[in-house]
Number of protein chains: 2
Amino acid sequence: MSLNDLDERIVHALAEDARRSYADIGAEVGLSAPAVKRRVDRLLATGAITGFTVRVDPAALGWETEAFVEIYCRHKTSPEAIKRGLERYPEVAAASTVTGEADAVVQIYAEDVRHFERVLERIAGEPFVERTKSVLVLSPLLRRYGAGAPA
Amino acid sequence: MSLNDLDERIVHALAEDARRSYADIGAEVGLSAPAVKRRVDRLLATGAITGFTVRVDPAALGWETEAFVEIYCRHKTSPEAIKRGLERYPEVAAASTVTGEADAVVQIYAEDVRHFERVLERIAGEPFVERTKSVLVLSPLLRRYGAGAPA
DNA sequence: AGTGAAATGCCCGCCGT
DNA sequence: ACGGCGGGCATTTCACT
């Protein structure tokens, strides 16, 4: 599914500030407020926009530690099994199966390094996990929409 | 900075659906609409909430290919230089400096693998980049926006 | 365009110090 | 007594038909 250029500009405007009024966005892209609303409704219906959220500063909420964990699974572990195993952890912000040696990459937010260590131990103890390899985030440089909890 | 339990519940509600009315959220957490607004305003002022945005499905927007790229820099490259170098690419969704062998991890969205290849070549050609190592995302398993509940 | 709902600003009252 | 915080009301702006 390919999107209109107008749709793209609307999505971009909403991604920057989802609280802008339809009239305001319309003035920018050259449409009336109702026309913008119709397009946004269509974007919601087709799934291009899946919802509205807040950008949260994890550090301000006490989630000071961020990490990427590569997971190496035992053979014959389905992506669904990995998903089911990981979604029980509130600390897991994102997870994807990937190419390369590892089977999945998991993005984790924890309160501090000690908290992260506990979570990692529990994940490493999951029956489908063979071994893990983690890197800790030192400082977030860039965070745009679509990439987990932005700073 | 530590947040109130009430604030946390409000943030959680907004993270799930930022379009809920203050009255609705207030009914859930036991406050009036103006009281909720005051706390949200305070969260915005203190930086705990950094803005309102839309959840976007990259695939629906035509960004079918996602990848994680580890960047190995030449010595003495500052995080700011990496940031400046990367933020010119609209395909870069997130970037962080990390521990371990690589200097930074970059999350990239591209229209297809060919597009990703072009972007990767350009990034690899940046003066501060020594070499790169990429993994392509096969399927996104989990994607949460906003932070989960504390453990 | 018109209607209705939600956000916003204001004032008051409560409870803490 | 004073300051922070929540409740209720009035106004206005925006969403929706």
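Each chain gets a letter, A, B and so on, in the order its sequence line appears, and its residues count up from 1.
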When you compare the protein's N or O atoms with those of nucleotides 12-17 of chain C, which come within less than 3.5 Å of each other, and at what distance?
none

(request) Any pair with a residue in residues 90-102 of chain B that passes salt bridge (charged side-chain N to carboxylate O under 4.0 Å, His left out), sequence neighbours left out, goes on the list, sorted by first then second residue, please. (result) none
(message) Which residues pass the salt bridge (Lys or Arg N to Asp or Glu O under 4.0 Å) test with B:Lys83, not counting sequence neighbours?
(response) none
(request) Mind listing the residues from residues 32-41 of chain B sitting with a heavy atom below 4.0 Å of DNA chain C? Number order is fine. (result) B:Pro34, B:Lys37, B:Arg38
(request) Using five base pairs at each end, measure the axis-to-axis angle across the helix from C:dA1-D:dT17 to C:dT17-D:dA1 and round it to 10 degrees. (result) 20°
(message) Checking one residue: B:Val113. Which other hydrophobic residues are in its cluster under the side-chain 4.5 Å linking rule?
(response) none
(message) Please list all pairs meeting side-chain hydrogen bond (donor to acceptor under 3.5 Å, both in side chains) that have one or both residues in residues 18-36 of chain A, counting only residues at least two apart or in different chains.
(response) A:Arg19-B:Tyr22, A:Arg20-A:Asp24, A:Arg20-A:Glu28, A:Tyr22-B:Arg19
(request) Could you tell me which residues satisfy side chain to side chain donor-acceptor pair (under 3.5 Å) with A:Glu126, sequence neighbours excluded, listed by chain and number? (result) A:Arg88, A:Tyr89
(request) State which residues pass side chain to side chain donor-acceptor pair (under 3.5 Å) with B:Glu130; sequence neighbours excluded, sorted by chain then number. (result) B:Arg74
(message) For DNA chain C, which residues of residues 17-28 of chain A approach it to below 4.0 angstrom with any heavy atom?
(response) none
(message) Among residues at least two apart in sequence or on other chains, which ones pass side chain to side chain donor-acceptor pair (under 3.5 Å) with A:Arg39?
(response) A:Asp7
(request) With a 4.0 angstrom cut-off to heavy atoms of chain A, pull out the first and last contacting nucleotide of DNA chain D, in 5'-to-3' order. (result) D:dA15 to D:dC16
